[in-house]
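I have placed the structure first, in the form of structure tokens, so that the comments after it can refer back to it.
Whatever order the structure lists them in is the order used to number ligands and atoms, beginning at 1.
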Amino acid sequence: MVLEAGGAAAQVSGTDPADVAWSFSHLDPAVAETAYDTLGAIRRGCPVARSGELDGYVLVTGYAEIREAARASDRFSAYVDGLGAAAVVTEMREAVAPLFETDTDHHHQWRRQLQTFFTPEAAAAQAQYVRAVCREVLQELIPHGAADLVGAYARQVPPVVIGRVLGLAELERAWLSEHVRALYSAETLTEAQQAGRTYADFLLGQIHQRRTHPTGDLLSVMVNAQVDGRNADDDELVKMTMLMVAAGHLTTADACATAILHLLDDPALQQQVSADSIALEAFVEELVRYDPAVAATGRTVMTDTQLGGVPLSCGDRLLLAWGSANRDERVFDDGDVFDIERDRGAPQHLGWGAGEHRCLGRHLARVELRVMLIELLRALPGLRLQPGAAVRRTFGVIRGVAGLPVRWEHR
Ligand code: HEM
């Protein structure tokens with residue numbers, strides 16, 4: 001049997017879900033527009049499915065199955081070759097990034113040492129700075145009357161904020177933003193390699209400084225943390241720092257762009273979130289359920305086991321499609337409907353992940369998104385898409401919007 005789901009052909013052979021092979025690659029740009037239709041069809045037929053794409057992996061789309069894989073870190077390791085979040089890092093592929101790619105006790109020790117930088121209080125303390133950065137960026141934009149808000153706004157603010165959280169000085173934050181942008185907008189492999197090397201060298205310089213002169217900032221704590229009796233080495237630290245910047249920057253920038261797109265589609269909602277901070281909070285949380293910026297990350301199976309009744313072998317790679325879990329009809333009523341009035345007593349959505357790797361930066365992300373959105377709506381009245389603009393969605397490890405050409409009223 002062949003199912004056509006949302007434009008992507010999904011091959012189904014046999015009736016046992018364990019035998020089902022689906023041709024789905026989250027890295028194929030063609031899946032982006034209809035990703036959740038396709039994933040929904042796969043989930044309803046087979047919440048744990050084998051895909052022949054990307055050298056073979058197991059696509060997990062059901063809520064219960066994704067939550068189990070994320071929680072059982074003794075069976076499913078966060079270190080995964082070529083499939084998950086580390087794919088956004090261009091350097092130091094061989095190193096294992098502390099925190100992000102480690103498990104169980106080793107991971108707990110790291111998480112405990114970094115926790116203090118990511119509490120709700122620490123996040124709230126960044127709000128004023130985030131607001132100041134937003135206002136600076138918007139002041140420059142206002143007179144133009146039109147812009148692509150992805151490049152001109154959504155991607156401008158988060159790299160500076162994560163730079164501040166790491167403990168970089170003002171000029172270094174600007175340097176970080178510029179080079180991270182160069183890295184992720186590189187058009188050729190050579191350009192990407194060059195940008196990646198320059199960026200890695202910059203981070204290495206910061207790491208060495210903090211090894212000799214620790215200051216108590218996040219990066220100093222990362223550099224000097226003793227876990228299992230040793231400090232992380234240079235390669236581990238560069239990879240971990242790149243992942244920390246990516247986690248803080250790419251996610252929030254894409255979430256902000258997706259949020260703006262939703263608001264442009266619904267002027268009444270725009271009014272509501274502009275006028276009511278509770279509605280704004282609910283909007284951001286519903287956005288992370290409905291269309292999470294972290295779309296899919298990976299795990300490696302550590303021992304022969306089962307997931308959702310499907311036998312798995314040691315070494316199998318899993319892809320956890322977080323956004324699909326959040327629309328699972330076995331858990332959420334009308335999961336495909338965006339609804340900021342959704343019952344808060346409903347099961348916890350998985351847009352921030354689950355288990356021990358659940359997003360460490362979620363309080364910061366919430367603060368950043370709320371401030372970025374409210375400042376934008378206040379500064380750019382009459383915000384609307386440019387006539388005839390075609391907006392292209394993206395999908396992969398991270399989900400967002402390729403560009404948002406808009407106009408606004410100005411004198
Ligand atoms: C809307 C924005 C964001 C979303 C949707 C999001 C989502 C996620 C998800 C789903 C995970 C778990 C990945 C997995 O288990 O494989 C994760 C982990 C993580 N996130 Fe976020 N994130 C966001 C913003 C941020 C920000 C602003 C930071 C700040 C640095 C951050 C820091 C982290 C870290 C450090 C981890 C790894 C935690 C660990 O391995 O213990 N995230 N995030």
Identify the protein heavy atom lying closest to [atom], giving its residue, its atom name and the separation to 0.1 Å.
atom                    : value
atom 28 (C) of ligand 1 : Gly361 CA, 3.5 Å
atom 27 (C) of ligand 1 : Thr252 OG1, 3.4 Å
atom 13 (C) of ligand 1 : Thr297 OG1, 3.9 Å
atom 12 (C) of ligand 1 : His357 O, 3.4 Å
atom 11 (C) of ligand 1 : Trp352 O, 3.9 Å
atom 25 (C) of ligand 1 : Ala247 O, 3.2 Å
atom 6 (C) of ligand 1  : Val294 CG2, 3.6 Å
atom 20 (N) of ligand 1 : Cys359 SG, 3.2 Å

Using distance alone, with no hydrogens and no angle criterion, decide if [X] and [Y] have a side-chain donor and acceptor under 3.5 Å apart.
X      : Y      : result
Thr215 : Ser220 : yes
Thr300 : Arg317 : no
Thr198 : Asp201 : no

Do the side chains of [X] and [Y] get close enough for a salt bridge, i.e. N-O under 4.0 angstrom?
X      : Y      : answer
Asp316 : Arg50  : yes
Glu368 : Arg131 : no
Arg330 : Glu65  : yes
Arg366 : Glu285 : yes
Asp234 : Arg211 : yes

By number and element, which atoms of ligand 1 are closer than 4.0 Å to a non-hydrogen atom of [X]?
X      : answer
Gly353 : 10 (C)
Arg299 : 14 (C), 15 (O), 16 (O)
Ala255 : 1 (C)
Ala365 : 2 (C), 24 (C), 27 (C)
Arg111 : 38 (C), 39 (C), 41 (O)
Phe118 : 29 (C), 30 (C)
Phe100 : 34 (C), 35 (C), 36 (C), 37 (C), 40 (O)
Gly351 : 5 (C), 7 (C), 10 (C)

Does the residue His107 have a heavy-atom contact with ligand 1, meaning some pair of atoms that are separated by less than 4.0 Å? yes
Does ligand 1 have an atom that lies less than 4.0 angstrom from a heavy atom of Glu101? no
Ile162, portion touching ligand 1 at heavy-atom distance under 4.0 Å: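 For Ile162, the contact with ligand 1 is made by the side chain alone.
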Could you check whether any side-chain heavy atom of [X] comes within less than 4.5 Å of a side-chain heavy atom of [Y], counting everything from C-beta outward?
X      : Y      : value
Met244 : Leu99  : yes
Leu380 : Leu138 : yes
Gln348 : Arg358 : yes
Arg378 : Ile374 : yes

